[in-house]
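These notes are about the structure you will find just below.
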Amino acid sequence: MNLLTLWDIIPKDTQKKMNKIWQNTILLTGPTGFVGQALTDYLNQQNFSVTAAVRRSTDVFPPAVQQITVGDLLPDTDWQPALNNVEIVVHLAARAHILRETAPDPLAAFREVNVQGTKYLAEQAASSGVKRFVFISSIGVLGVHTNGRKPFTEEDEPNPPEYYGISKWEAEQALRKIEAESGMEVVILRPPLIYGPSVKANFLNLVKLVDKGIPLPLGCIKNMRSLLGLSNMVSAITTCITHKNAAGKTYLLSDGEDISTPELVRHIATALGKKPRLLPVPTTLLRLAGKLTGKSA
């Protein structure tokens, strides 16, 4: 069952009561992003009152969504005007994976936004009386892959090898400390790769390659990867906004159906009405090509 239906199956009178309880309480950061815009639209459709914290004014939101300009997510951003009468913060904004990194010290750049910026927001939220802070982290906190072992679980020890994952793990630790000191409830979500309408970055690049009919040397890959549909991501966040038992928890998210990279290519090709073009290149040759071109990662 699509997780988006979890809210929809709640009786209408119960929905109205819950909306009344949570009315005028939700502040979203990163509301113009891939997940943020879908979440903003869905919460608005469900009659939640939403305040969107934006870097600059935009016209992408419905009239019922209040906007407040806060600028960039930095260690000295003033969040107080945006936190007035807010009980729930959903923190989506972050410095994400950079395809062409230009920062002289990438880890410091990730930490400035994802760790210090998040910590400062959470501290101001706690001091303003915010009851719950929903933080969108990443499965990358646990690592890039499981090396053939069982899938990651919430009990696994974090071991992030990449700058983005490191910064998200450090932000998680900072939030748990603030939670312990202030009593503000913290809910942490660790999603894998998210796909859906308007997806960007590497997923979009893969879609473009399949659409152009370019042969891909991925036919021999036998991996398994968890993915998460945008609607399921939105539903998970909505549940963590409203459900009392989510307080203090950390969740791993997925669609519940792991697939290989060749299977993913086939699914994309079918959706596009194309024929998948997968070349059976041995993975040893792919690794060698990666080393020779300096693109092992």
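Atom CG in L193 sits 12.0 Å away from atom OG in S254 (nearest 0.5 Å). Interatomic distance, CZ of R190 versus CD1 of I136, reported as 12.5 Å (0.5 Å rounding). Distance OH/Y251 to OG/S137: 15.0 Å, rounded to 0.5 Å.
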May I have the list of side-chain donor-acceptor pairs in residues 210-230 shorter than 3.5 Å, sequence neighbours left out?
unit_1 : atom_1 : unit_2 : atom_2 : d
N223   : OD1    : T261   : N      : 3.0
N223   : OD1    : T261   : OG1    : 3.4
N223   : ND2    : T261   : OG1    : 2.9
S226   : OG     : D258   : OD1    : 2.7

Side-chain donor-acceptor pairs of residues 120-127 under 3.5 Å, sequence neighbours excluded:
unit_1 : atom_1 : unit_2 : atom_2 : d
Q124   : OE1    : W79    : N      : 3.0
Q124   : OE1    : Q80    : NE2    : 3.4
Q124   : NE2    : T77    : O      : 3.0
S127   : OG     : E123   : O      : 3.3
S127   : OG     : Q124   : O      : 2.9

Going by atom type alone, with no hydrogens or angles, which donor-acceptor pairs under 3.5 Å involve a side-chain atom of residues 278-289 and a protein atom two or more places apart or on another chain?
none

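Under the 4.5 Å side-chain heavy-atom criterion for grouping Ile, Leu, Val, Met, Phe, Trp and Tyr, L272 is connected to L209 within one hydrophobic cluster. F34 and V134 fall within the same hydrophobic cluster, where Ile, Leu, Val, Met, Phe, Trp and Tyr residues are linked whenever their side-chain heavy atoms come under 4.5 Å apart, directly or through other members. Tracing side-chain contacts under 4.5 Å through hydrophobic residues (I, L, V, M, F, W, Y), one reaches I194 starting from L28; they form part of the same cluster. A single hydrophobic cluster is not seen to contain both V144 and F110; linkage of ILVMFWY side chains at heavy-atom distances under 4.5 Å, directly or through other members, places them apart. In terms of hydrophobic clustering, with Ile, Leu, Val, Met, Phe, Trp and Tyr side chains grouped at heavy-atom distances under 4.5 Å, V141 and I237 are assigned to different clusters.
Remark: F61 engages no residue in a ring-ring contact (aromatic ring centres under 6.0 Å, His included) (not counting sequence neighbours). Taking the side-chain contact (heavy atoms from CB on, under 4.5 Å) definition, one finds that Q173 meets it with W169, E170, sequence neighbours left out. Under the salt bridge (charged side-chain N to carboxylate O under 4.0 Å, His left out) criterion, E112 pairs with no residue at all, not counting sequence neighbours. Q45 pairs by the side-chain contact (heavy atoms from CB on, under 4.5 Å) definition with D41, Y42, not counting sequence neighbours. Under the ring-ring contact (aromatic ring centres under 6.0 Å, His included) criterion, F135 pairs with H91, sequence neighbours left out.
The backbone N or O of S231 lies less than 3.5 Å from no partner atom in the side chain of S235, so there is not a single donor-acceptor pair. Listed for the S128 side chain is no donor-acceptor partner under 3.5 Å among the backbone atoms of V130. For the pair K249 (side chain) and L189 (backbone), a donor-acceptor distance under 3.5 Å is absent. Although no hydrogens or angles enter the test, the distance criterion places a donor-acceptor pair under 3.5 Å between the side chain of Q67 and the main chain of T58.
For R176, the CZ atom sits in a packed shell: over 12 heavy atoms of surrounding residues, nucleotides or ligands are nearer than 6.0 Å.
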CA sep, side-chain torsions, deciding dist, call: K131, T25, side-chain contact (heavy atoms from CB on, under 4.5 Å): CA-CA 10 Å; K131 293 181 179 180; T25 63; over 6 Å; no

task: Please step through side-chain contact (heavy atoms from CB on, under 4.5 Å) for the pair V54 and T69, ending with a clear verdict.
output: CA-CA 5 Å; V54 296; T69 304; 4.0 Å; yes

task: Please report the C-alpha distance between T40 and V60 in whole Å, then the side-chain angles of each, then the deciding distance to 0.1 Å, and finally whether the side-chain contact (heavy atoms from CB on, under 4.5 Å) criterion is met.
output: CA-CA 10 Å; T40 303; V60 301; over 6 Å; no

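Between S138 and E162 there is no side-chain heavy-atom pair separated by less than 4.5 Å. Taking 4.5 Å as the limit, every side-chain heavy atom of L73 sits out of range of all side-chain heavy atoms of R95. You'll find the side chain of T238 stays beyond 4.5 Å of the side chain of Q46, heavy atoms only. Side-chain contact check for N202 versus L206: every heavy-atom pair is 4.5 Å or farther apart. A heavy-atom distance below 4.5 Å is found between the side chains of I166 and L107. Side-chain atoms of K119 and I178, non-hydrogen and from C-beta on, do get closer than 4.5 Å to each other. Within the 4.5 Å cutoff, the side chain of P31 has no heavy atoms near those of the L92 side chain. No side-chain heavy atom of V70 sits under 4.5 Å from any side-chain heavy atom of T29.
The two residues S167 and V115 come nearest to each other via the heavy atoms O-CG2, 3.2 Å. Residues C240 and V187 come closest through the heavy atom pair SG-CG1, 3.8 Å. Closest non-hydrogen pair, V186 versus E179, comes out as N-OE2, 3.0 Å.
Residue pairs satisfying the side-chain hydrogen bond (donor to acceptor under 3.5 Å, both in side chains) criterion with at least one member in residues 263-277, sequence neighbours excluded, are listed as follows: S260-E263. Identified under the side-chain hydrogen bond (donor to acceptor under 3.5 Å, both in side chains) test for residues 191-200, with sequence neighbours left out: Y195-D255.
When hydrophobic side chains of Ile, Leu, Val, Met, Phe, Trp and Tyr are connected at separations under 4.5 Å, L204 ends up as a singleton with no cluster partners. I139 belongs to a hydrophobic cluster with L142, F152, L252, counting contacts under 4.5 Å between side-chain heavy atoms of Ile, Leu, Val, Met, Phe, Trp and Tyr, direct or through other members.
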